Amino acid sequence: MASSNSVEVAVIGAGVVGLATALRLAAEGREVMLIDPNEPGSGASFGNAGTLAEYACLPVGNPGVLRALPKLLFNSDSPFSLRWSALLHLAPWLTRFVRQSLPAATRANAAAMAGLLADALPAWEEMVADAGAGDLLRRNGCLYLYRRASDLDEGAASRALRAEFGVDQALLKPDEVAALEPGLPAVEGGGLYFPQSMNLTDPKAMMDRLLAAATARGVVLRQGEISGLSADAGGVALSGPGLNVRAGKAVIAAGAFSRPLAARAGDRIPLETERGYHLEFATGAPLLTRPVCPVDLGFYMTPMAGRLRVAGTVELGRLASPPNPRRLALLDRGVRQFFPALGQPSSQWLGFRPSLPDSRPVIGPSPGNANVIYAFGHGHLGLTLSAVTARMVADLVAGRRLNSERLAPFSAGRF
């Protein structure tokens, strides 16, 4: 029998965006219910690279990727891959992605993301203070690695675009890279250092802290899947197995699972799934002091509590497809180019990133009913943008005026 509840705000999705949003709303005195069929903070919120990448304004789709797309898709060792069994399903999304990879669209998307990312780290600092989780945050930057001189040259356009939008970045010579990370083998091209970037020592522990802080402020957690959603002038009715909830407002923050919920609200959002992988290796002592991304390999090596996490690459495919062992093997071969003495992985993981063709999330009210608020589609930046997204959602719930120029690039109406 379904239990019936009435609540001021229902947040659908207990990943990092949903947790941050629930915490922010509760801190402002809202009555909040957090709904998810799975353990809070699991999925991509658990398995990410742990980086707060305020520098990452360059969209996934850009002229460089567009030029290299045939090579990327047909090379089994490429950091960008496609599940060919899903090609017909993905064709409309890929068509949009190609259009968004053209120069003018790339610049517009980068400008929108730079504006959002500018507040990402201050919002995180505020959130971890509220959650008592500052000890899980490292503030020592992030390093892009140019193993070859050609990698340095190919990155020039990206560096120029970041510089145009005010990203704090510094080119390092090979000897400066060695001084910063002496455990790495020598590189030819040098590196790019982002000194403002931060990272988590343990993403799961951070999710647990956010959940504890939210429930301490009165957030009610309900386990269940929402299969029905209808909105009217008085609020939003949510239903599912064992659930029957009436909310004044509903926030859809269900990550890669948000598309059907938005469709029930009347909005067709071209959300697809980017499948992300990670391997972890137990380490007696840290091998690195900050996240390092070899740009030619497309993954991050992040030192975490007692382990090294190797996470990244892009695989386009559907939610139901099984794990691809070739992607895990690619990560394993890649990290051993830096640390050949690593033992066998202590764990492996597959999760789902919510990906939109323009690399911009959907943040804001449904065009059809302002009682439904969207907060999903963050792609690789869900962790980074969770706290600033929560701020924006809280403003919308409270009816505080938001800068229309800032909100418009993330509107569901852009599709």
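Since the model is a prediction, treat every value here as computed from it, not as a measurement. Scope of the values below: all heavy atoms of this structure, side chains included, with no hydrogens, waters or symmetry mates.
With respect to Gln100, the side chain to side chain donor-acceptor pair (under 3.5 Å) criterion is satisfied by exactly one of Asn109, Asn62, Asp358: Asn109.
Using modelled atom types, one side-chain atom of Arg307 and one backbone atom of Ala305 make a donor-acceptor pair closer than 3.5 Å. Listed for the Glu31 side chain is a donor-acceptor partner under 3.5 Å among the backbone atoms of Glu8. Using a distance-only test at 3.5 Å, with no hydrogens or angles considered, no donor-acceptor pair links the side chain of Asn5 to the main chain of Val245. Distance alone, capped at 3.5 Å, places no donor-acceptor pair between the Thr273 side chain and the Phe352 backbone. Judged purely by atom type and a 3.5 angstrom limit, Arg138 uses its side chain to pair as donor or acceptor with the backbone of Pro303. For Asn140 (side chain) and Thr289 (main-chain N/O), a donor-acceptor pair under 3.5 Å exists by modelled atom type. Thr302 places a side-chain N or O within 3.5 Å of a backbone atom of Ala49 that can act as its donor or acceptor partner. In this structure, Asp395 contributes its side chain and Ala398 its backbone to no donor-acceptor pair below 3.5 Å. Using modelled atom types, no side-chain atom of Asp332 and backbone atom of Leu328 make a donor-acceptor pair closer than 3.5 Å.
Contact detail for Val60 and Ser359: the closest heavy-atom pair is N-OG, 3.0 Å. For the residue pair Ala112 and Arg360, the shortest heavy atom distance occurs at CB-CD, 3.8 Å. Looking at every heavy atom in both residues, Gly141 comes nearest to Arg290 through O-CB, 3.4 Å. Contact record, Pro203 with Ser45: CB-O, 3.7 Å, taken as the closest heavy-atom pair. Closest of all the heavy-atom pairs between Leu161 and Arg107 is CD1-NH1, 3.9 Å. In plain terms, the two heavy atoms of Pro357 and Trp93 that are nearest each other are CD-NE1, 3.3 Å.
Between Leu381 and Met113 there is a side-chain heavy-atom pair separated by less than 4.5 Å.
Classification of Arg209 and Asp202 as a salt-bridged pair fails, no side-chain N sitting under 4.0 Å from a carboxylate O. A salt bridge is absent between Arg326 and Glu315: the closest approach of a Lys/Arg side-chain nitrogen to an acidic carboxylate oxygen does not fall below 4.0 angstrom. Between Arg96 and Glu272, none of the side-chain N atoms (NZ, or NE/NH1/NH2) sits under 4.0 Å from a carboxylate O, so this pair counts as no salt bridge.
Applying the 6.0 Å contact sphere to CZ of Arg391 captures more than 12 heavy atoms from other residues, nucleotides or ligands. Open room surrounds CD on Gln348; 12 or fewer heavy atoms of other groups in view lie less than 6.0 Å from it. Counted within 6.0 Å of CZ on Arg401, heavy atoms from surrounding residues, nucleotides or ligands total 12 or fewer; the atom is thus considered open.
Because its NZ or CZ atom is not both nearer than 6.0 Å to the ring centre of Tyr55 and within 45° of the ring axis, Arg159 does not count as a cation-pi partner of that residue.
Between Tyr374 and Phe376, the angle of the ring planes goes over 60°, which puts this pair in the perpendicular group of the 30/60° scheme.
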